[in-house]
Asker: 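Please read through the structure below; I'll follow up with questions.
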Amino acid sequence: MQNNISIVGGGVTGALLALNLGRSGLDVSLIDRGEPSKAYPNLYQGRTTSLNLASIESLRQSGIWDSIQPHSKAFNEIYVWDAEGSSSIRFHSSDINRKELGVIVHNNVILEAIFKKLIDIPTVKIIENEGLTDISTSTDKIVLTTDAEKTIISEILIGADGSLSKVRSISKMPVRTWSYHQIAIVSSVETEKPFNNTAFQIFTDTGPIAFLPTVSGSNEGSLIWSTDEVYGKNLLSIEEDDFLEELRLKTENRFGKIKLKEKINSFPLHQLHAKRFAQGRVALVGDSAHTIHPLAGQGLNLGISDVTELTHLILKAQRYGNGLSDLNILQAYSKRRQPDSYKMIGLMEAFKRGFGSESLWIKVGRNFAFNFANKTEPLKQRLIKEAAGIT
Ligand SMILES: Cc1cc2nc3c(=O)[nH]c(=O)nc-3n(C[C@H](O)[C@H](O)[C@H](O)COP(=O)(O)OP(=O)(O)OC[C@H]3O[C@@H](n4cnc5c(N)ncnc54)[C@H](O)[C@@H]3O)c2cc1C
């Protein structure tokens, strides 16, 4: 099989890229070892994501926002507080003259909207239940082999195959990685007190807890509890009532009684970034290029920005340049996207260290920083714009 572009990984980033390029008439193969096209009927299950305004705009440009919006929950406030100190900060959309700061949506909702469009694009071939096993490159093409022994020849290959990317490892693209020594505990919750369209982030002595409103109801939300490994494993081993009591205490009873709505999931947290996002005929997007701590809810937002940039560069080269034979496109992509990713990694690390510290001075500094940011309007506005992705 021969095409212009192969994309390995049909998660949100890979599928969105296939949609953008396929809509413009490029021949694309989208390969996934699972079945991401079968998100329906489990739309409200699995991972939820907060999408910032920049990502919403990208999804609108791709023609899928109208299908996603009815299944998403807009939030207009982010409330962050430090359970170890006395400080808090509130970001409201009205501070930047917007109606909302972003939405919370299940990844499956986004996948469903993308694949509904993809199946009608004749130039996009969706290959599911087949994993990548090998890659070989020559001067003018790249050849992939799948575990069903299919061979696919392309001009360029995009790795969108997540944090443990095989595209990245087979291509020997160097990475920097370290463990956060934390695990993420995720579930859906029902709370006694309503969310009031607010996304909450609580910094505790054992790691940050995020409570995000969801479309299911005003008292329902997603829990993402990032905890130190030992404490987290202990939490996973105790009875549900004890777990909920600990959660109530850690969140200072601000949500009232909390109930779990689904089974708890957990996974280890690590930071990883590729030292370059492109090499020869290969480029990486999304978590295969950068995997960051979930505390600021920015991983997929970064990935969607990768897709937007790469789409722009590829389509520009098709219209005005030498098409895909110009591998400078991929180098340009790498150069443009790396700074955003490094900035986010640095920020997450600063948060992790700042809030993970037992030092009294750091605690005092945190209080001061929160109070200062809260009272300094230009700084506060910059922080809000940064979170909403509109800087
Ligand atoms: C607890 C938690 C909460 C988060 N919350 C947020 C948030 O609020 N906001 C936000 O922006 N981000 C958030 N993130 C990050 C976000 O979920 C990820 O950045 C995003 O899902 C990555 O998308 P992706 O398409 O790059 O990769 P993935 O979703 O990992 O998709 C990779 C795809 O590649 C396929 N694949 C893998 N290997 C192969 C192979 N060898 N051959 C073929 N196919 C393969 C897989 O089947 C999968 O479909 C969160 C992350 C965590 C852990």
Asker: For the pair R90 and E77, find out whether any cationic side-chain nitrogen is under 4.0 Å from an anionic carboxylate oxygen.
Answerer: yes

Asker: Taking only distance into account, with no hydrogens and no angle test, what donor-acceptor pairs under 3.5 Å do side-chain atoms of residues 235-245 form with protein atoms, sequence neighbours excluded?
Answerer:
unit_1, atom_1, unit_2, atom_2, d
S237, OG, N234, O, 2.7
E245, OE1, R248, NE, 3.0
E245, OE1, R248, NH2, 3.3
E245, OE2, R248, NH2, 2.7

Asker: Donor-acceptor check, side chain of T13 to backbone of G286, threshold 3.5 angstrom: yes or no?
Answerer: no

Asker: Report yes if the side chains of F200 and I209 come closer than 4.5 Å at any heavy-atom pair, otherwise no.
Answerer: no

Asker: Residues two or more places apart in sequence or in another chain: which of them pass side-chain hydrogen bond (donor to acceptor under 3.5 Å, both in side chains) with D27?
Answerer: none

Asker: How would you list all residue pairs meeting salt bridge (Lys or Arg N to Asp or Glu O under 4.0 Å) that involve residues 274-303, not counting sequence neighbours?
Answerer: none

Asker: Same cluster or not: are I153 and I5 linked, directly or through other Ile, Leu, Val, Met, Phe, Trp or Tyr residues, by side-chain heavy atoms under 4.5 angstrom apart?
Answerer: no

Asker: Verify the ring-centre separation between Y342 and H290: is it less than 6.0 angstrom?
Answerer: no

Asker: Quick one: hydrophobic cluster around L132, which other residues, with the 4.5 Å side-chain cut-off, linked directly or via members?
Answerer: M1, V8, I31, I127, I135, I142, L144, I152, L157, V167, I170, M173, V282, L284

Asker: Would you find a donor on one side and an acceptor on the other, under 3.5 Å apart, between the side chain of S171 and the backbone of R168?
Answerer: no

Asker: Between I126 and E128, is any pair of side-chain heavy atoms under 4.5 Å apart?
Answerer: yes

Asker: Do the side chain of S305 and the main chain of N301 share a donor and acceptor less than 3.5 angstrom apart?
Answerer: yes

Asker: Apply side chain to side chain contact (heavy atoms under 4.5 Å, CB included) to S218 and list each qualifying residue two or more places apart in sequence or on a separate chain.
Answerer: none

Asker: Could you tell me whether the side chains of N76 and S93 share a donor-acceptor contact shorter than 3.5 Å?
Answerer: no

Asker: State whether the side chain of E192 and the backbone N or O of G256 hold a donor-acceptor pair below 3.5 Å, judged by distance alone.
Answerer: no

Asker: Does any non-hydrogen side-chain atom of S187 lie less than 4.5 Å from one of W225?
Answerer: no

Asker: Can any side-chain N or O of T204 pair as donor or acceptor with the backbone N or O of G207 at less than 3.5 Å?
Answerer: yes

Asker: List in chain and number order the residues that pass side-chain hydrogen bond (donor to acceptor under 3.5 Å, both in side chains) with E130, two or more places apart in sequence or in another chain; answer none if no residue qualifies.
Answerer: T146, K150

Asker: Who passes side-chain hydrogen bond (donor to acceptor under 3.5 Å, both in side chains) against D161, sequence neighbours left out?
Answerer: S165

Asker: For residues 304-321, which residue pairs pass the salt bridge (Lys or Arg N to Asp or Glu O under 4.0 Å) check, not counting sequence neighbours?
Answerer: D306-R337, E309-R336

Asker: Determine whether L16 and L59 make a side-chain contact, defined as any pair of heavy atoms from C-beta on separated by less than 4.5 Å.
Answerer: yes

Asker: Check whether S72 reaches the backbone of Q69 with its side chain - one donor and one acceptor, N or O, closer than 3.5 Å.
Answerer: yes

Asker: If you apply the rule side chain to side chain contact (heavy atoms under 4.5 Å, CB included), what do you find for L212 with F75, and how did you get there?
Answerer: CA-CA 9 Å; L212 308 175; F75 60 94; over 6 Å; no

Asker: Heavy atoms only: give me the nearest I304-S58 pair and the separation to one decimal.
Answerer: CG2-CB, 3.7 Å

Asker: Report the residues that fulfil salt bridge (charged side-chain N to carboxylate O under 4.0 Å, His left out) with E262, sequence neighbours left out, ordered by chain and then residue number.
Answerer: none

Asker: Listing request: all ring-ring contact (aromatic ring centres under 6.0 Å, His included) pairs with a residue in residues 5-40, at least two apart in sequence or in separate chains.
Answerer: none

Asker: A quick test of your reading: do over 12 heavy atoms of other residues, nucleotides or ligands sit less than 6.0 Å from NZ of K193?
Answerer: yes

Asker: Looking at D147 and G131, would you say the former's side chain and the latter's main chain have a donor-acceptor pair under 3.5 Å?
Answerer: yes

Asker: Has R254 got its NZ or CZ under 6.0 Å from the middle of the six-membered ring of W81, at an angle within 45 degrees of the ring axis?
Answerer: yes

Asker: Do any side-chain atoms of residues 267-274 form donor-acceptor pairs under 3.5 angstrom with protein atoms, and if so which ones, sequence neighbours left out?
Answerer:
unit_1, atom_1, unit_2, atom_2, d
H270, NE2, S163, OG, 3.0
Q271, OE1, H273, ND1, 3.1

Asker: In terms of ring plane angle, is the pair F255 and F195 parallel, tilted or perpendicular, where the classes change at 30° and 60°?
Answerer: tilted

Asker: Assess whether a salt bridge exists between D205 and K250, defined as any Lys/Arg side-chain N lying under 4.0 Å from an Asp/Glu carboxylate O.
Answerer: yes

Asker: Do D228 side-chain atoms and Q182 backbone N/O form a donor-acceptor pair below 3.5 Å?
Answerer: no

Asker: For residues 104-117, please give each side-chain donor-acceptor pair under 3.5 Å, one per line with the distance, not counting sequence neighbours.
Answerer:
unit_1, atom_1, unit_2, atom_2, d
H106, NE2, Y44, O, 3.1
N107, OD1, T49, OG1, 2.4
N108, ND2, N42, O, 2.8
N108, ND2, Q45, O, 3.3
K117, NZ, G63, O, 3.4

Asker: Quiz question: by atom type and distance under 3.5 Å, do the side chains of N322 and S325 form a donor-acceptor pair?
Answerer: no

Asker: Check whether T123 reaches the backbone of L26 with its side chain - one donor and one acceptor, N or O, closer than 3.5 Å.
Answerer: yes

